[in-house]
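Positions are given from 1 along the sequence. Each ligand, and each atom within it, is numbered from 1 in the order the structure gives.
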Amino acid sequence: MCGIVGYSGPRQAVPLLLEGLKRLEYRGYDSAGVAVLDKGRIERRRASGKLANLEALLQESPIRGTTALGHTRWATHGKPSEENAHPHADCGKSLVVIHNGIIENYLEIKEKLAAAGHVFESETDTETAAHLIEEKLKTLRGPNGALPPHLTEPLLFEAVRQALAEVRGAYALAVLWDKAPGVLIAAKTSSPLIIGLGKGENFLGSDVPAFLEHTREAVFLEDGEMAVLKSGGCTYFNLAGKRVSKSPVHIPWDRRTAEKGGFRHFMMKEIHEQPEACEDTLRGRLLPLHDGVLERECGMKAQVLKDLRRIHVVACGTALNAGLIAKYWIEDLAGVSVLAEPASEFRYRGAVVEPGDLVLAISQSGETADTLAAAKLAREKGAKILSVCNSVGSALTRASDFNLYTHCGPEFGVASTKAFLGQLSALAAFAVHCAAARGTIDAFRGRELIDELVKLPALVRRALKTDARALEIAKRYYKKEHFLFIGRGLNYPVAMEAALKLKEISYIHAEGYAAGELKHGPIALLDRDMPVVAVATRAKTAEKMLSNIEEARARGAQIIAVATEGDAAPRAAETLLVPAAPEFLAPAVNIVPLQLLAYHIADLRGCDVDQPRNLAKSVTVE
Ligand code: AGP
């Protein structure tokens, strides 16, 4: 996620901006920039890469001024580069914007503005906002453009407000205009934006660490709120322009805790960011079903999808578990045969790949050596590559024919959580759109699936409420040395992913198994010391899962069941209840209590939850 810093006060702004952006580095970024207003002029400095590059630029060519904006960019639209770095300016270079989020309808706005003569310099959605506000200012100023100084602030506010009325999507946005000295206009919908209230100075940040060195008094903007920030104080409005009152809160955290959003570990913060990861990844990609995300955003012609005979999923670890779930979805909905296997196997076993095949290469980092090599090998055999990746401009995305990005923001916990849900969100959208393009689902079923996907973030948010129960169970079982996870259908890859979460952060031996396979071997393992986690939520195979649970109980195993609220509870020692969800979405909901269980067991065992032993976040070597 991008980093946002703003300042209005008596001090030179650049050092404060750089310090604030450094405090936000943990959010990950690929370029950075600042804009400062001084004596009626806005100066910008932008650089791709790390903040050190921007600092060097500012050393060479310093800028002074006390009203300013700073930004670190996590690319979503347009490659990481200086011209795509924020702040972005209007034609007249008299107004700049920084932004975190996604403006879904930026292309249609950009086309209209270009037709009206606006010249664009970048590929970003953010620059469109700058030109849109410029256009609104022109209209509001009228033909003679009279501009009494006392009107510049309300004029700028109204221009931003009117521009936002035309924007669809997610934004945390801040605007600086050379005609309104000392004034920053801020607005928030979906992406976080916080105001730091100082003494005779005020700050803006996408997260509290941006200004925690200077003030612990913060005002958190809510969706649909705007702020006019000046050194002497801030006023708050809704998007209708109506004044709203906001109360500051005192931030007690130290800096490290603030970076984790108040959680003790990045992993727990990221587990709780999963509803937003789903929301941000699905945003603007569900409708229209025809000529939709795959055609418009990925550039996949409907004919390519219609002609598809086989899909190969290549991935590793958690990404492979997401791919296994996608296999079930795509075969069921789109009627295409899907092979899913570890990339490290695919690349050496002489896999049969034919021209016209599609490879689904799934990777959070986009730098995993085995996945990259497998994709390249498949390409040499004539397949097309679609990457599902969380890192714009990564090696895998550059090697692919099509890219369907997840929008989870950077994931710092080595154990993948929100990236997994982002992958499921992107893959579910792919499965539905692929089926619609192939005509294997009709408009009614397509609309039904879309309506279900729209509800996913809320279902995941409700599943997070199992945290206290997961901790209770963890306290009883954290000393166990072996766990077996079982599931059927879509819950089988869920069992695999849950076992992976537990083993990689708690170092407990854990296996994920198809429940139907229990009697073909694993049942020999069962006794009182082998807890069995049964993912037994509402599904076509629910009855069969209950029999598998009985089989395990009969051998003395203690059952920890994941079950659907309101359904008859399985006979288990422990139960984690999740909200009723369409079977199609069950994997994304059911994994949440199991992530929480793994987290608490590992934490109780004193393990380093964020950086488990022997593991790396991205395995860039074989
Ligand atoms: C997930 O919890 C693991 N840390 C690991 O299996 C990871 O999913 C795997 O290395 C693939 O990484 P990628 O998604 O960046 O390709």
Side-chain angles (χ1 to χ4, degrees), residues 28 265-271 273-274 277 281 313-326 340-347 359-376 385-400 403-427 485 493-508 510-512 587 591-592 594-599 601-602 607-622:
H265 298 102
F266 278 113
M267 182 179 174
M268 188 56 109
K269 177 185 178 195
E270 287 155 6
I271 287 172
E273 286 175 339
Q274 293 186 124
T281 300
V313 169
V314 295
C316 304
T318 287
L320 176 58
N321 292 329
L324 286 167
I325 291 166
E341 65 186 293
S344 52
E345 286 300 306
F346 178 91
R347 58 186 291 205
V359 167
L360 210 40
I362 307 167
S363 173
Q364 187 284 129
S365 62
E367 302 295 344
T368 300
D370 282 323
T371 307
L372 193 53
K376 286 179 177 172
I385 315 297
L386 167 65
S387 82
V388 173
C389 185
N390 195 42
S391 310
V392 175
S394 57
L396 178 64
T397 60
R398 295 196 308 274
S400 297
N403 293 307
L404 180 59
Y405 286 107
T406 55
H407 293 146
C408 307
E411 184 176 64
F412 291 91
V414 166
S416 193
T417 51
K418 65 174 183 175
F420 179 64
L421 258 63
Q423 287 158 0
L424 291 186
S425 301
L427 291 163
F485 291 76
V494 172
M496 302 265 286
E497 173 59 14
L500 175 58
K501 282 294 92 51
L502 182 66
K503 73 180 91 174
E504 67 176 324
I505 61 175
S506 72
Y507 317 144
I508 292 172
E511 285 189 76
I591 192 62
V592 174
L594 298 173
Q595 293 167 336
L596 293 166
L597 180 64
Y599 169 86
I601 288 176
C607 296
D608 180 346
V609 169
D610 282 336
Q611 304 288 336
R613 70 185 182 195
N614 311 334
L615 289 179
K617 183 59 188 167
S618 175
V619 183
T620 56
V621 294
E622 280 206 42

Subject >> ligand 1 atoms in contact with Ala415 (distance to a heavy atom under 4.0 Å) >> reply: 2 (O)
**OP:** Determine whether Asp370 and Arg347 make a side-chain contact, defined as any pair of heavy atoms from C-beta on separated by less than 4.5 Å.
**Re:** yes
Original post:
What residue and atom, counting heavy atoms only, is the protein's closest point to atom 12 (O) of ligand 1, and at what distance?
Top reply: Thr368 OG1, 3.5 Å
Subject >> Side-chain heavy atoms of Glu341 within contact of Leu320, under 4.5 Å >> reply: no
Original post:
With a 4.0 Å cut-off on heavy atoms, is Val414 touching ligand 1?
Top reply: yes
Original post:
Minimum heavy-atom separation for Pro493 to Asn321, with atom names?
Top reply: CB-O, 3.9 Å
Original post:
Would you say Lys501 touches ligand 1, if touching means a heavy atom closer than 4.0 Å?
Top reply: yes
Subject >> Subset of ligand 1 atoms that lie under 4.0 Å from at least one heavy atom of Ser363 >> reply: 13 (P), 14 (O), 15 (O), 16 (O)
**OP:** Classify the contact between Glu504 and ligand 1 as side chain, backbone, both or neither, using a heavy-atom distance cut-off of under 4.0 Å.
**Re:** side chain
Subject >> Ile271 side chain near Met267 side chain, heavy-atom distance below 4.5 Å >> reply: yes
Original post:
Hey, does Thr397 have a side-chain heavy atom less than 4.5 Å from the side chain of Ser387?
Top reply: yes
**OP:** Using atom types as modelled and distance alone, determine if a side-chain donor or acceptor of Glu411 lies under 3.5 Å from a backbone N or O of Thr417.
**Re:** yes
Original post:
With distance as the sole criterion, is a donor-acceptor pair present between the side chains of Thr281 and Ser425 under 3.5 Å?
Top reply: no
Original post:
Under 4.0 Å from any heavy atom of Gln364, which atoms of ligand 1 are there?
Top reply: 13 (P), 14 (O), 15 (O), 16 (O)
Original post:
Where is the nearest protein heavy atom to atom 10 (O) of ligand 1: which residue, which atom, and how far?
Top reply: Val619 CG2, 4.0 Å
Original post:
Going by the atom numbers of ligand 1, which of them fall below 4.0 Å from some non-hydrogen atom of Ser416?
Top reply: 1 (C), 2 (O)
**OP:** Classify the contact between Thr318 and ligand 1 as side chain, backbone, both or neither, using a heavy-atom distance cut-off of under 4.0 Å.
**Re:** both
Original post:
Rounded to the nearest 0.5 Å, what separation is found between the CG atom of Leu502 and the CD atom of Gln595?
Top reply: 12.5 Å
Subject >> Atoms of ligand 1, numbered as shown, that sit under 4.0 Å from any heavy atom of Ala319 >> reply: 8 (O), 14 (O)
Subject >> Heavy-atom proximity to atom 15 (O) of ligand 1, best of Ser618, Gly317, Cys316, Ser365 >> reply: Ser365
